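Contents: one structure, followed by commentary.
The figures here come from the full heavy-atom set of this structure, side chains too, leaving out hydrogens, waters and symmetry mates. Note on naming: letters A, B, ... go to the chains in the order of the sequence lines (proteins, then strands), and numbering restarts at 1 for each one. Values in this document were obtained by computation on a predicted structure and should not be read as measured data.
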2 protein chains.
Amino acid sequence: MKLTSKGRYAVMALVDLARFDNINPVSLRDISLRQGISLDYLEQIFSKLRKKEIVQSVRGTQGGYILNKKAKEIKLINIFEAVDEKVKTVQCKKESKKGCNGKAVKCLTHNLWDELENHINDFFDKKSLEDLVKDNSVRRV
Amino acid sequence: MKLTSKGRYAVMALVDLARFDNINPVSLRDISLRQGISLDYLEQIFSKLRKKEIVQSVRGTQGGYILNKKAKEIKLINIFEAVDEKVKTVQCKKESKKGCNGKAVKCLTHNLWDELENHINDFFDKKSLEDLVKDNSVRRV
DNA sequence: ATAAACCTGACTAAAATAGTCAAGTATCTT
DNA sequence: AAGATACTTGACTATTTTAGTCAGGTTTAT
Ligand code: FES
Ligand code: FES
């Protein structure tokens, strides 16, 4: 089980953005330099974040991105969903009544993985971008 | 973030084994048939479980595997460690002081991922094989 | 005009996953 | 002693996923 770079970068970039997001948009170039993430890759990620209305873009010179909601209202789970970093623990299709082995009943461990998935998503539900920015400024002092 | 088949199969197979593990060893062939897991793949998995002393092998006809400890004492975390299904959320090396971007300081999100890793491992620490077997027999009634 | 910065889609190298395959060795049953 | 069953090991491979790169745009402030 591991977290992919896409998800990690998305959150990292948004924390960076949230810290500098006052009046002026923040350019991906700056984020790229500060966080050491490839600019081209960031563009892919922000395209998804924009489509899911987590950020807004400002085109042209001096452009960049700004948050589309208050940092408090952006939960980790929203970010992860936006970039398709979903938690997947079961093998089978959830809606289907069939098990992962093709049999008519769910497998011996299906419920366990389902619990696990909920357990992880709870974590993502609770954490907001604001929390992360705060944690970081505290650590700075 | 997703769970791999190796981890899922390891737990699935051990639950199966724990249910039938009275006096006689359980053959991988039976587990393979009951759970719909490739026999060759199961052999790889059980080889690791044996090395980590989670199961014992009995060779020869009527052979198979038996648990090496009480089901209560086998936690999910032990199983996952045995088959190298570890939870990995941070990008950097934990022992190193360097961040994932090569800089001298840990990145903005390092603490968050560390928290997440602990959160997930807590779940695996708590669940024992016995719990899983019980859950399943309850559901049967 | 021109440069900064967003925007899009296609492409690709590398890594990880999920197995398969082959050739054993040990032990029980008959 | 023979044969069958089942564990044991190591190497090999196809597929999928990840983590980007690359090329070519469009928009807008100055
Ligand atoms: S994971 Fe859902 S049936 Fe096995
Ligand atoms: S994940 Fe540890 S420094 Fe970024």
| task | Measure the distance from CG on Asp40(A) to P on dA5(C) and round it to the nearest whole Å. | result | 15 Å
| request: Look only at the side chain of Ser38(B) and the backbone of Tyr41(B), and say whether a donor-acceptor pair between them is shorter than 3.5 Å. | output: yes
| Under 3.5 Å: donor-acceptor pair, side chain of Ser27(A), backbone of Asp30(A) | yes
| request: Measure the angle between the two terminal helix axes of the helix from dA1(C)-dT30(D) to dT30(C)-dA1(D), five base pairs each, and quote it to 10°. | output: 10°
| task | Go through residues 43-54 of chain B and report each residue with a non-hydrogen atom lying under 4.0 Å from DNA chain D, sorted by number. | result | Glu43(B), Gln44(B), Arg50(B)
| request: Taking only the side-chain nitrogens and oxygens of Ser57(B), find out if one of them lies under 4.0 Å from OP1 or OP2 of dT8(D). | output: yes
| field | Neighbours of DNA chain D within residues 78-86 of chain B, by heavy-atom distance under 4.0 Å | value | none
| field | Short side-chain to backbone donor-acceptor contact, Gln91(B) and Cys100(B), under 3.5 Å | value | no
| To the nearest Å, how far apart are Gln56(B) CD and dC7(D) C1'? | 14 Å
| task | Give a yes or no on whether Lys72(A) atom NZ has more than 12 heavy-atom contacts from other residues, nucleotides or ligands under 6.0 Å away. | result | no
For nucleotides 26-28 of chain C, print each protein N/O atom paired with a nucleotide N/O atom at under 3.5 Å, atom names and distance only.
residue	atom	partner	partner atom	Å
dA26(C)	O4'	Arg59(B)	NE	3.3
dC28(C)	O2	Thr61(B)	OG1	3.1

| request: Figure out the CD1/C1' separation between Ile37(B) and dA18(C), and round it to whole Å. | output: 12 Å
| query | Among residues 2-17 of chain A, which residues get a heavy atom nearer than 4.0 Å to DNA chain D? | reply | Thr4(A), Ser5(A), Lys6(A), Tyr9(A)
| field | Check: Leu3(B) main-chain N/O paired with Arg8(B) side-chain donor or acceptor under 3.5 Å | value | yes
| field | Neighbour count above 12 (heavy atom, 6.0 Å) for Glu53(A) CD | value | no
| Between Tyr41(B) (OH) and dC21(C) (P), how many Å, whole number? | 15 Å
| said: Treating Asn118(B) as the side-chain partner and Glu115(B) as the backbone partner, does any N or O pair qualify as donor plus acceptor under 3.5 Å? | reply: no
| request: Provide, to the nearest angstrom, the distance between the CG atom belonging to Leu39(A) and the P atom belonging to dC6(C). | output: 8 Å
| query | Parallel, tilted or perpendicular: which fits the ring planes of His119(B) and His119(A), with parallel below 30° and perpendicular above 60°? | reply | parallel
| Spacing of Met1(B) atom CE relative to dA16(C) atom C1', expressed in whole Å | 15 Å
| What's the spacing between Arg34(A) CZ and Arg19(A) CZ if we round to 0.5 Å? | 8.5 Å
| message | With a 3.5 Å distance limit and no angle check, can you tell me whether Asp131(B) reaches the backbone of Ser128(B) through a side-chain donor-acceptor pair? | response | yes
| request: To the nearest Å, give me how far apart CZ (Arg29(A)) and C1' (dA4(C)) are. | output: 9 Å
| message | Asp84(A): which residues meet the salt bridge (charged side-chain N to carboxylate O under 4.0 Å, His left out) condition with it, sequence neighbours left out? | response | Lys48(A)
| note | From NZ of Lys88(A) across to P of dT16(D) the rounded distance in Å is 13 Å
| In this structure, are over 12 heavy atoms from other groups packed under 6.0 Å from Lys103(A) atom NZ? | yes
| message | Checking the side chain of Asn68(B) only, and the main-chain atoms of Gln56(B) only, is there a donor and an acceptor separated by less than 3.5 Å? | response | no
| field | Donor-acceptor under 3.5 Å (Lys6(B) side chain, Val83(B) main chain) | value | yes
